[in-house]
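As the structure is a computational prediction, the values presented were derived from the model and not from experiment.
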Amino acid sequence: MAFLEFQGVKKSFGRTEVLKGIDLSLEKGKTLAIIGSSGSGKTTLLRCINFLETPDEGKMFLNGELLFNAEGAKKLSEKELREKRLHFGLVFQNFNLFPQYTVRENLCLAPKLLAKEQEKDKAKRKTLFAEIEAKANELLAKVGLSEKADAYPCQLSGGQQQRVAIARALAMSPDILCFDEPTSALDPELTVEVLNVLRSLADDNMTMIVVTHEMAFAAEVADQILFMDNGVVDYYGDTKTAFGADCPSVRLKEFVGSIQK
């Protein structure tokens, strides 16, 4: 059974139809790479997955349960949307770290705010805060930045900031971790740092969705490829076929060929 499933998702902005009926399914522990040219709808799809945009039509299932139905979307409160977003972690292109907080504080801020909202007992909350800080230290070690826990974002390289952003997303224990062009703002040397972290997460069977222009990374790490073209899914299938000579999509072959030139 699919862990994440989209059925007939559509999204328009004014008269511009950006997503024209998207179907996809992703198994738990697998990595999906979403590729395609600029304007094909990749980022809009990712934002719909994370409830940063509301689809006009379609349904979304997580672990077999209905998570979203466009027919009832207007009935969802902001609190309900926040709860649904907790299933997903999102790492943006440009890090979006809070400059006034240290690296450790960036990781702890959202989990502590959630704990404060959910736990009114001060003693229990103090225990939760200690657990959150311990987890933050573990995550910083995981992304190779333990020594930067007390540094501020301005004191880090771009690659280090993106690794902090990944750790911050993991701090909320999401079911699915999503990335929107995570290396687009980095030079090649720093890109390697970030891609290595994504490789380690894939090795740990983290369920991930990655919008990327890094074809070599997609070919190496992703279990499935979703190629979008003009708001539709032109190809959705296993990675080996997507980049192989027997790929059934002429458009995907053209796209990959243009990237590799």
Under 3.5 Å donor-acceptor pairs involving side-chain atoms of residues 205-212, not counting sequence neighbours:
residue : atom : partner : partner atom : Å
T207    : OG1  : G29     : N            : 2.7
T212    : OG1  : E214    : N            : 2.9

(request) Mark yes when over 12 heavy atoms from residues, nucleotides or ligands other than E27 sit less than 6.0 Å from its CD; otherwise mark no. (result) no
(message) Do F88 and L46 have side chains that approach each other closer than 4.5 Å (heavy atoms only, starting at C-beta)?
(response) no
(message) Are F98 and R168 packed together at the side-chain level, in the sense that at least one heavy-atom pair is separated by less than 4.5 angstrom?
(response) yes
(request) Check step by step if side chain to side chain contact (heavy atoms under 4.5 Å, CB included) holds for F68 and F51. (result) CA-CA 9 Å; F68 174 82; F51 291 94; 3.7 Å; yes
(request) Indicate yes or no: at least one non-hydrogen side-chain atom of E105 is less than 4.5 angstrom from one of C108. (result) no
(request) Working to the nearest 0.5 Å, report the span between CG of L107 and CG of L145. (result) 9.5 Å
(request) Evaluate the side-chain proximity of L32 to I34: yes if any heavy-atom separation is below 4.5 Å, no if none is. (result) yes
(request) Would you mind checking if E220 and R199 are paired as a salt bridge, meaning a charged N to carboxylate O distance below 4.0 Å? (result) yes
(message) Quick check for you: to the nearest 0.5 Å, what is the distance between Q161 atom CD and K148 atom NZ?
(response) 11.0 Å
(request) With sequence neighbours left out, write down each residue that passes side chain to side chain donor-acceptor pair (under 3.5 Å) with E78, or none if nothing qualifies. (result) R85
(request) Count the heavy atoms of every other residue, nucleotide or ligand shown that sit under 6.0 Å from NZ of K135, and state whether that count exceeds 12. (result) yes
(request) Verify, without hydrogens or angle tests, whether T239 (side chain) and A222 (backbone) share a donor-acceptor contact under 3.5 angstrom. (result) yes
(request) Indicate the atoms forming the closest heavy-atom contact of C178 with I49, along with that distance. (result) SG-CG2, 4.2 Å
(request) Can you establish whether the number of heavy atoms outside K59 located under 6.0 Å from its atom NZ is more than 12? (result) no
(message) Let me confirm one number: the NE2-CD distance from H213 to E181, rounded to the nearest 0.5 Å.
(response) 5.5 Å
(message) Quick one, S40 and D229 - any side-chain contact, counting heavy atoms below 4.5 Å?
(response) no
(message) Tell me the closest heavy-atom pair linking T31 and A202, and the distance in Å.
(response) OG1-CB, 4.0 Å
(request) Looking only at non-hydrogen atoms, find the nearest pair between F227 and G36 and report the distance. (result) CE1-CA, 3.7 Å
(message) For a 4.5 angstrom cut-off between non-hydrogen side-chain atoms, does P55 reach L19?
(response) no
(message) Check R104 with E133, please: is the shortest side-chain N to carboxylate O separation under 4.0 Å?
(response) no
(request) Examine L67 and L26 and state if one hydrophobic cluster contains both, with Ile, Leu, Val, Met, Phe, Trp and Tyr joined whenever side-chain heavy atoms are less than 4.5 Å apart. (result) yes
(message) Between V103 and Q160, is the side chain to side chain contact (heavy atoms under 4.5 Å, CB included) condition met? List the steps.
(response) CA-CA 10 Å; V103 165; Q160 290 171 334; over 6 Å; no
(message) Nearest 0.5 angstrom please: Q93 CD to T183 OG1, how far?
(response) 9.5 Å
(message) Between L109 and L128, is there shared hydrophobic-cluster membership here, with clusters defined by ILVMFWY side-chain heavy atoms closer than 4.5 Å?
(response) no
(request) Could you name each residue pair satisfying ring pair (Phe, Tyr, Trp, His ring centres under 6.0 Å) that touches residues 128-161, not counting sequence neighbours? (result) none
(request) Report the C-alpha distance between Y236 and I225 in whole Å, list the side-chain angles of each, state the deciding distance to 0.1 Å, and finish with yes or no for side chain to side chain contact (heavy atoms under 4.5 Å, CB included). (result) CA-CA 6 Å; Y236 185 61; I225 299 293; over 6 Å; no
(message) Using a strict threshold of under 4.0 Å (side-chain N to carboxylate O), is an ion pair present between D180 and K42?
(response) no
(request) Kindly compute the distance separating CG (N196) from OG1 (T191), expressed to the nearest 0.5 Å. (result) 10.5 Å
(message) Could you measure the distance from the CG atom of L4 to the OG atom of S25? Nearest 0.5 Å is fine.
(response) 8.5 Å
Which atom pairs, donor and acceptor, lie under 3.5 Å between side-chain atoms of residues 5-17 and protein residues at least two apart or in another chain?
residue : atom : partner : partner atom : Å
E5      : OE2  : Q7      : NE2          : 3.1
K11     : NZ   : T54     : O            : 2.9

(message) Could you check whether atom CD of E189 has more than 12 heavy atoms from other residues, nucleotides or ligands sitting under 6.0 Å from it?
(response) no
(request) Please test N137 against S146 for side chain to side chain contact (heavy atoms under 4.5 Å, CB included), starting from the C-alpha separation and ending with a verdict. (result) CA-CA 7 Å; N137 290 333; S146 294; over 6 Å; no
(request) Identify whether F95 and L156 are in the same connected component of the hydrophobic contact network (ILVMFWY, side-chain heavy atoms under 4.5 Å). (result) yes
(request) Taking R125 for its side chain and E119 for its backbone only, find out whether a donor-acceptor pair lies under 3.5 Å. (result) yes
(message) N96: which residues meet the side chain to side chain donor-acceptor pair (under 3.5 Å) condition with it, sequence neighbours left out?
(response) none
(request) Over all heavy atoms of both residues, which pair between L177 and A169 is shortest? Give the atoms and the distance, please. (result) CD1-CB, 3.5 Å
(request) Compare every heavy atom of L252 with every heavy atom of A242, then report the nearest pair and how far apart it is. (result) O-CD2, 3.7 Å
(request) Return the set of residues passing side chain to side chain donor-acceptor pair (under 3.5 Å) with D238 (not counting sequence neighbours), or none when no residue passes. (result) T241
(message) I want to check something: taking the side chain as every heavy atom from C-beta on, are F255 and S37 in contact at a cut-off of under 4.5 Å?
(response) yes
(message) Please say yes or no: joined through hydrophobic side-chain contacts below 4.5 Å, possibly via intermediate residues, are L186 and L97 part of one cluster?
(response) yes
(request) Side-chain contact test, heavy atoms from C-beta onward, threshold under 4.5 Å: evaluate it for L170 versus I166 and give yes or no. (result) yes
(request) For the pair Q162 (side chain) and F92 (backbone), establish whether a donor and an acceptor sit closer than 3.5 Å, ignoring hydrogens and angles. (result) yes
(request) Give a yes or no on whether the backbone of G41 and the side-chain of T44 come within a donor-acceptor separation of less than 3.5 Å. (result) no
